[in-house]
Amino acid sequence: MDLKSSHVSPVLTDPVPVNKSRLRMHSSLLAYSQQDSPVTPGKYSRSGSRKSTGSVDDVRSNGLLDAMKASSPPRKKLLKGSSAQVASIDFDIEDYYTWMLEYPSALDSFEKIIDLAQNKQIAMFLDYDGTLSPIVDDPDCAFMSESMRTTVRSVASYFPTAIISGRSRDKVFDFVKLTELYYAGSHGMDIIGPVSETLSKNHPNCIKSTDHEGKELTLFQPAREFLPMVDEVFRTLVEITKDIQGAKVENHKFCVSVHYRNVEENSWTTIGQRVHDVLQNYPRLRSTYGRKVLEVRPVVDWNKGKAVEFLLESLGLNDSDNVLPIYIGDDKTDEDAFKVLRDSNRGYGILVSSVRKESNAFYSLRDPSENYKTISMLRAGHEISPTLSELEETRKKEWKEVNAKDYNMNSILFYTPTT
Ligand SMILES: O=P(O)(O)OC[C@H]1O[C@H](O[C@H]2O[C@H](CO)[C@@H](O)[C@H](O)[C@H]2O)[C@H](O)[C@@H](O)[C@@H]1O
């Protein structure tokens, strides 16, 4: 693969929603412009970068800000003296219930899911942040609870289970710490899975590897050639964001995360614009939006959806009649996996979201604590502990509390994970 070529890949940057009412904002309002760009071209960058000017800049900047806002659900505030969290005032509960008609709760639909799983092999795919762990301000502190770990371990003893994360494989393993799972890091661009002869034929880049216990595994890294480029762009992004208070850049080996969760909102455009400017020098890299994070990654035709297909193939579970893949995730990057399952008419995507979102998932869950209950219940299909009825009772009680009379229509109670 020629990394320096400016050939445009079939994979395009995510479209940026543009709010028409904002198109007239002048670029001088931006805190940062191309002219004072501190970006120095690196070894793997393209020289003579495109300069963007005038109204195109305005549209892009406003589009950037809109997209950055759109990808960030309302912030939850902790109520004093309570273990519950309240979302900010814009939340429309009726709208959320309407949305749930389209994306029913996986917990409420549990019996249906179990019925569909009869005589089928479930394959479990789990995203990490926002799915197994709650979203927190500091990405280094996104720990999963011990009970979630125990449940995932138990699920993995019944169904092949893989974690598919935007984090580097090593980082997500450090959080999950379960050797009985398969892991795909960097949005699926770094997979460690079982050994399979057919797989090696279809994917010549597969490398045989062993884990620390000496077990043979397959390592698949479809964007391997991008490593030096990603590392270079990581260092540039650290450099050009160091004066933005709260900005954090993470190196995830085959991709880079630029966090703006802890950045004042009036600096979001600055951070978005700077990332955009850096990428002008790297036509083989693109950026996508996550939860208050910009993800920089190689332009390769590979994503979490492809990772699911790869893992199913490597597990010998391609027989769609006998296999029920279930993918649980909360983020935009998980949509690729939901889409693969929907398009191939096998299995279910379950979206973890406490706000309305368009999705290719079939079901929804409100937060990681509901995810905990769902995977506990899936396991309970084999071993009743905790029992279905116990879990349903707890759930009914929770919804009663949500609908309690002191409930304010502009807000909704979210329970911190009970796990
Ligand atoms: O694919 P995932 O496993 O969901 O990873 C996606 C990103 O997750 C992390 O960021 C998100 O979670 C952080 C901790 O809760 C939060 O602070 C941040 O705002 C979220 O975007 C991770 O740090 C990123 O690198 C991943 O790409």
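Counting starts at 1 for both ligands and their atoms, following the listed order. Numbering of residues begins at 1 and proceeds along the displayed sequence.
- For Phe338, the ring-ring contact (aromatic ring centres under 6.0 Å, His included) test picks out Tyr327, with sequence neighbours left out.
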Ligand 1 N/O to protein N/O, distances under 3.5 Å:
| from | atom 1 | to | atom 2 | distance (Å) |
| --- | --- | --- | --- | --- |
| ligand 1 | 1 (O) | Asp127 | OD1 | 2.8 |
| ligand 1 | 1 (O) | Gly166 | N | 2.7 |
| ligand 1 | 1 (O) | Lys304 | NZ | 2.7 |
| ligand 1 | 3 (O) | Asp127 | OD1 | 3.1 |
| ligand 1 | 3 (O) | Tyr128 | N | 3.4 |
| ligand 1 | 3 (O) | Asp129 | N | 3.2 |
| ligand 1 | 3 (O) | Asp129 | OD2 | 3.4 |
| ligand 1 | 3 (O) | Ser165 | OG | 2.7 |
| ligand 1 | 4 (O) | Asp127 | OD1 | 2.7 |
| ligand 1 | 4 (O) | Asp127 | OD2 | 3.1 |
| ligand 1 | 4 (O) | Asp129 | N | 3.4 |
| ligand 1 | 4 (O) | Asp129 | O | 3.2 |
| ligand 1 | 5 (O) | Asp129 | OD2 | 3.4 |
| ligand 1 | 8 (O) | Asp129 | OD2 | 3.0 |
| ligand 1 | 12 (O) | Asp129 | OD1 | 3.4 |
| ligand 1 | 15 (O) | Val136 | N | 2.8 |
| ligand 1 | 15 (O) | Val136 | O | 3.3 |
| ligand 1 | 17 (O) | Val136 | O | 2.5 |
| ligand 1 | 19 (O) | Arg261 | NE | 2.5 |
| ligand 1 | 19 (O) | Arg261 | NH2 | 3.2 |
| ligand 1 | 19 (O) | Arg291 | O | 3.1 |
| ligand 1 | 21 (O) | Arg291 | O | 2.5 |
| ligand 1 | 23 (O) | Glu250 | OE1 | 2.6 |
| ligand 1 | 23 (O) | His259 | NE2 | 3.1 |
| ligand 1 | 25 (O) | Glu250 | OE1 | 2.8 |
| ligand 1 | 25 (O) | His252 | NE2 | 2.7 |
| ligand 1 | 25 (O) | Ser257 | OG | 2.7 |
| ligand 1 | 27 (O) | Ser257 | OG | 3.4 |
| ligand 1 | 27 (O) | Glu295 | OE1 | 3.1 |
| ligand 1 | 27 (O) | Glu295 | OE2 | 2.9 |

task: Please lay out, stage by stage, how Ser369 and Asp367 fare under the test side chain to side chain donor-acceptor pair (under 3.5 Å).
output: CA-CA 5 Å; Ser369 69; Asp367 54 30; 2.6 Å; yes
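- For Phe310 and Phe220, the ring centers sit closer than 6.0 Å to each other.
- In summary, the aromatic rings of Phe226 and Phe254 are positioned with their centroids too far apart to meet the 6.0 Å limit.
- Take Phe175 and apply the ring-ring contact (aromatic ring centres under 6.0 Å, His included) test, not counting sequence neighbours, and it matches Tyr128, Phe143.
- Remark: Tyr182 pairs with no residue by the ring-ring contact (aromatic ring centres under 6.0 Å, His included) rule, at least two apart or across chains.
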